[in-house]
Visitor: 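Before we start, here is the structure in question, set down as structure tokens.
Chain letters run A, B, ... following the sequence lines, proteins first and then strands; every chain starts at 1.
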Number of protein chains: 2
Amino acid sequence: MMKASTVYDVAAHAGVSIATVSRVLRRPADVRASTRERVLASVQFLGYVPSASARGLAARRTGVLGLFFPGIDDEGDSAEVPFVQDMSVEIVVDIPDSGEVRPPNLYFDEVLRGSEREAWRHGFALMVGVGRGTNPAEMVNDIAGRVDGMAVLACSVPDDLLDHVSRRIPVVLIAGPRRGDDYDHVSVSNTEGMRALTEHLIETHRITEPVYLAGPVDSPDDAERYLGFVQALTAAGIDAAGLPVLRGEFSRIRARHLAGEMLAAGGLPRALVCGNDQMALGLLDVFGPAGIRVPEDVIVTGFDGIEAGRLSTPRLTTVHQPMADLGRAAMRAMLSRLQHPDQPPITSRLPVKVLLRESSEGTV
Amino acid sequence: MMKASTVYDVAAHAGVSIATVSRVLRRPADVRASTRERVLASVQFLGYVPSASARGLAARRTGVLGLFFPGIDDEGDSAEVPFVQDMSVEIVVDIPDSGEVRPPNLYFDEVLRGSEREAWRHGFALMVGVGRGTNPAEMVNDIAGRVDGMAVLACSVPDDLLDHVSRRIPVVLIAGPRRGDDYDHVSVSNTEGMRALTEHLIETHRITEPVYLAGPVDSPDDAERYLGFVQALTAAGIDAAGLPVLRGEFSRIRARHLAGEMLAAGGLPRALVCGNDQMALGLLDVFGPAGIRVPEDVIVTGFDGIEAGRLSTPRLTTVHQPMADLGRAAMRAMLSRLQHPDQPPITSRLPVKVLLRESSEGTV
DNA sequence: CAACAGAATGTAAGCGCATACAGTTGAGGG
DNA sequence: CCCTCAACTGTATGCGCTTACATTCTGTTG
């Protein structure tokens, strides 16, 4: 690998000045064709790759956008990867129901995918960071120093840190509630989606006393969804305050427990509206084997539109949120902000889609 | 956002030299506690975030590792994301079997997750790039200029480009065959895994004429797997050359067609060994509704260990490859190379796990 | 053939930081 | 009270590139 070559090396080899080398790479049209080709030949010959650090410093922009997500807390396996290991195979009999395997990460995957796509589409590279238990502050600060702007999942970064980095680069918040009024913000129509779904249950299926299976109390997304649930009920003249709310914590496991308790207690509501798909799937896990028919005995709905809900039996009625688009919209907002630093804060709410499937409709 | 503050601003505000500011951030122990606190207060006050470009230039290393993947070709929707859109909800009746939704990407997601984790664990940031139809060369070159080392999925980058960038930074190849002998390389035990699975079918289920459902002809992974298949047969005294091989192209759709054709032709083999899970699932898609019992009438196995294979009916026997570990191992190899530039090329083969489930065992 | 407008290229000044080295300070010993 | 040495801090340089500006060509026109 030797010492990497620089503009100086290329310039010397091609018999031009470093400015010309730079121009060949940045504004080819400004250089005579013959010169350009000579320089490019030298670039090729020397294996020259421009240093983004130097470019970033000189041009005062890095050409990189950042994306930060809070970590999955339980990702604690610091286990070492086997480093060099040959031809080993293990044969295991894999029993069903091994629990929930990496559940909510799909969300991150999708947002990341959309972000990556949109960033490169606009000529920016993407840097990603997933907060681990250890010091998200350091990571965020680190990323902030490397990028022209960064998107951050709501609630993943303390306010003061956010203020700090936002003095250097624009910050876009993804999902969750607006925080302050100074940040650009992209989110999905949680409330509207849940309201539409609930209205459907009320109007089409004559549900009058649905039970809501809620996420963590501090989840702003769940709060928005619950709001939509309440709005639909209220609009139909139903007193939402009188209906029980179960606390499922967005966990499939927890939902199974709750399902078990309900069965034990004997009383099942006509419809269970869940704050996310994982919990809805947890209910299905229990109802099926217990002989409870869905949707004949109880209607179950979710929220998110994850793949597993499309593969479950019965398939899960849910509200699909466009996760990849969330990422793309976040990048777009940042780019827009970079171009027009003084425009008013952007608020982008993406549309959701209610997917009616067998867990509420019977057959579709 | 004003103009971002620099070391100079902080130094002036704290009444010290820029060297001291730098030390406070990089080697706090070298600075008297009282001075340190004063500087940190100024950092806080001014909202100072160090420029990674400047640091990278001065320190001659970026502290970033890169990961490049080939694009999903069909990802051609350049559609614009709705940018600002309020409260829109669409209600759709979602019919089953909407085809295959983003199939092979799980692989990328997992590798990325592992890479991200391992990079940060060692104090490096991660930059990701997914090649689009447009000019992967530019992307790779761009990334190469921004990082201290990069990992690349096999076959995603032309040889000459790889040579070019590897003159500047270490490059690690992920999966596929070794290319040349100069690059570090991490992969999984494709051959050994498939061999172990096939041996199991032969020994436990007395399969003597399994049919292999192959991937694309130019897939090195599939070639390795097929090799394992052949090895097991040969070891058992079976002439693999005499057995038919179907070309499923790693596609679920294509596998369905093939399944249809087999049914139409009347003859179903006792066991179908597939080069990946997607194809195996494609077979199940057809066999179930057609009244073919799996595994009683025909055994079906896959390869990869994707989530969908755990949710199918029957659940799919497969060979699980540790995708996240692949990413982690790639990062590890790079870090090792950065520390010891002159060590011999690393070759790391990760272990796989044969998962016996209902599609071959009946009940487990 | 001279004069001149562009086009092409060169010159030079930073961009913000790390760090070798030089200089300063303070504590302890003589 | 001075000297020594270690701990601490400041000075100065350069990392590799972009870019405003100066300079040199080139081809045209009078």
Visitor: Please work out if B:R26 contacts a base, only the sugar-phosphate, or nothing of the nucleic acid, heavy-atom cut-off 4.0 Å.
Guide: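 If one applies the 4.0 Å heavy-atom cut-off, B:R26 turns out to touch the sugar-phosphate alone, with no base involved.
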
Visitor: Where the side chain of A:V16 is concerned, which of C:dG10, D:dC17, C:dA18 is the nearest nucleotide?
Guide: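 Of C:dG10, D:dC17, C:dA18, C:dG10 is nearest to the side chain of A:V16.
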
Visitor: Output yes when A:E116 and A:R113 qualify as a salt bridge under the 4.0 Å nitrogen-oxygen rule, no when they do not.
Guide: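 No salt bridge links A:E116 with A:R113.
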
Visitor: Quickly work out the A:I18 CD1 to C:dT11 P distance and round it to whole Å.
Guide: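 Taking atom P of C:dT11 as the reference, CD1 of A:I18 is at 10 Å.
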
Visitor: Looking across every strand, which nucleic acid part, if any, lies under 4.0 Å from B:V31 by heavy atom: base, sugar-phosphate, or nothing?
Guide: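 The answer is sugar-phosphate, as B:V31 gets under 4.0 Å only of primed atoms, P, OP1 or OP2.
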
Visitor: What is the distance from CZ of A:R23 to P of D:dC17, rounded to the nearest Å?
Guide: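 Going from CZ in A:R23 over to P in D:dC17 covers 15 Å.
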
Visitor: Does the C:dC15 base have a donor-acceptor partner in the side chain of B:Y8 within less than 3.5 Å?
Guide: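 Result: no qualifying N/O pair found.
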
Visitor: What nucleotide among D:dC17, C:dA20, C:dT11 has an atom nearest to a side-chain atom of A:P50?
Guide: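 From the listed options, D:dC17 comes nearest.
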
Visitor: Counting just side-chain N and O atoms, does B:T20 come under 4.0 Å of either OP1 or OP2 of D:dG10?
Guide: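 Yes, B:T20 has a side-chain N/O under 4.0 Å of OP1/OP2 on D:dG10.
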
Visitor: Looking only at side-chain N and O atoms, does B:N141 offer a donor or acceptor that is under 3.5 Å from a partner on A:Y48?
Guide: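 Judged by distance alone, the side chains do not pair up.
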
Visitor: Atom CZ of A:R27 to atom C1' of D:dT18: distance rounded to whole Å?
Guide: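 Those two atoms, CZ and C1', are 10 Å apart.
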
Visitor: Nearest whole angstrom, please: distance from the C1' of D:dC15 to the CG of A:D9.
Guide: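 Atom-to-atom, A:D9 to D:dC15, this comes out as 13 Å.
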
Visitor: Nearest whole Å is fine: how far is C:dA7 P from A:D30 CG?
Guide: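 The distance from CG of A:D30 to P of C:dA7 comes to 10 Å, rounded to the nearest Å.
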
Visitor: Can you tell whether the side chains of A:R23 and A:D30 come within less than 4.0 Å, N to carboxylate O?
Guide: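 Not counted as a salt bridge, because no side-chain N and carboxylate O are separated by less than 4.0 Å.
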
Visitor: Parallel, tilted or perpendicular, judged at 30° and 60°: which one describes the rings of A:F69 and A:F108?
Guide: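 Judged by the thresholds at 30° and 60°, the geometry between A:F69 and A:F108 is perpendicular.
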
Visitor: Check whether the side chain of A:R60 and the base of C:dG14 form a donor-acceptor pair under 3.5 Å.
Guide: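 Checked by distance alone, the answer is no.
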
Visitor: Between B:R32 and B:R55, which has a closest nucleotide on DNA chain C that is more 5'?
Guide: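 Final value for this comparison: B:R55.
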
Visitor: Verify, without hydrogens or angle tests, whether A:H185 (side chain) and A:G176 (backbone) share a donor-acceptor contact under 3.5 angstrom.
Guide: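 Checking the backbone N and O of A:G176 against the side chain of A:H185, a donor-acceptor pair under 3.5 Å is found.
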
Visitor: Would you mind telling me which of C:dG16, D:dT11, C:dG10 lies closest to the side-chain atoms of B:L57?
Guide: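 Nearest nucleotide to the side chain: C:dG16.
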
Visitor: Could you check whether A:S51 gets within reach of a base, just the sugar-phosphate, or nothing at all, counting any heavy atom under 4.0 Å?
Guide: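 Sugar-phosphate: the residue A:S51, judged by heavy atoms under 4.0 Å, touches backbone atoms but no base.
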
Visitor: Determine: side-chain N/O of B:S53 to OP1/OP2 of C:dC15, distance under 4.0 Å, yes or no.
Guide: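 Negative; the distance criterion is not met.
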
Visitor: Under 4.0 Å between any heavy atoms, over every strand shown, what does B:T35 touch: base, sugar-phosphate, or nothing? Just pick one.
Guide: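 Sugar-phosphate contact only.
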
Visitor: Quick one: is B:T6 getting a side-chain N or O under 4.0 Å of the C:dG16 phosphate, OP1 or OP2?
Guide: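 Negative; the distance criterion is not met.
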
Visitor: B:R38 has an atom CZ; how far is it from atom P of D:dT9, in whole Å?
Guide: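 Computing the B:R38:CZ to D:dT9:P distance gives 8 Å.
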
Visitor: If you find the nucleotide of DNA chain D closest to B:R36 and the one closest to B:A59, which residue's nucleotide is nearer the 5' end?
Guide: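 Going by which nucleotide is closer to the 5' end, it is B:R36.
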
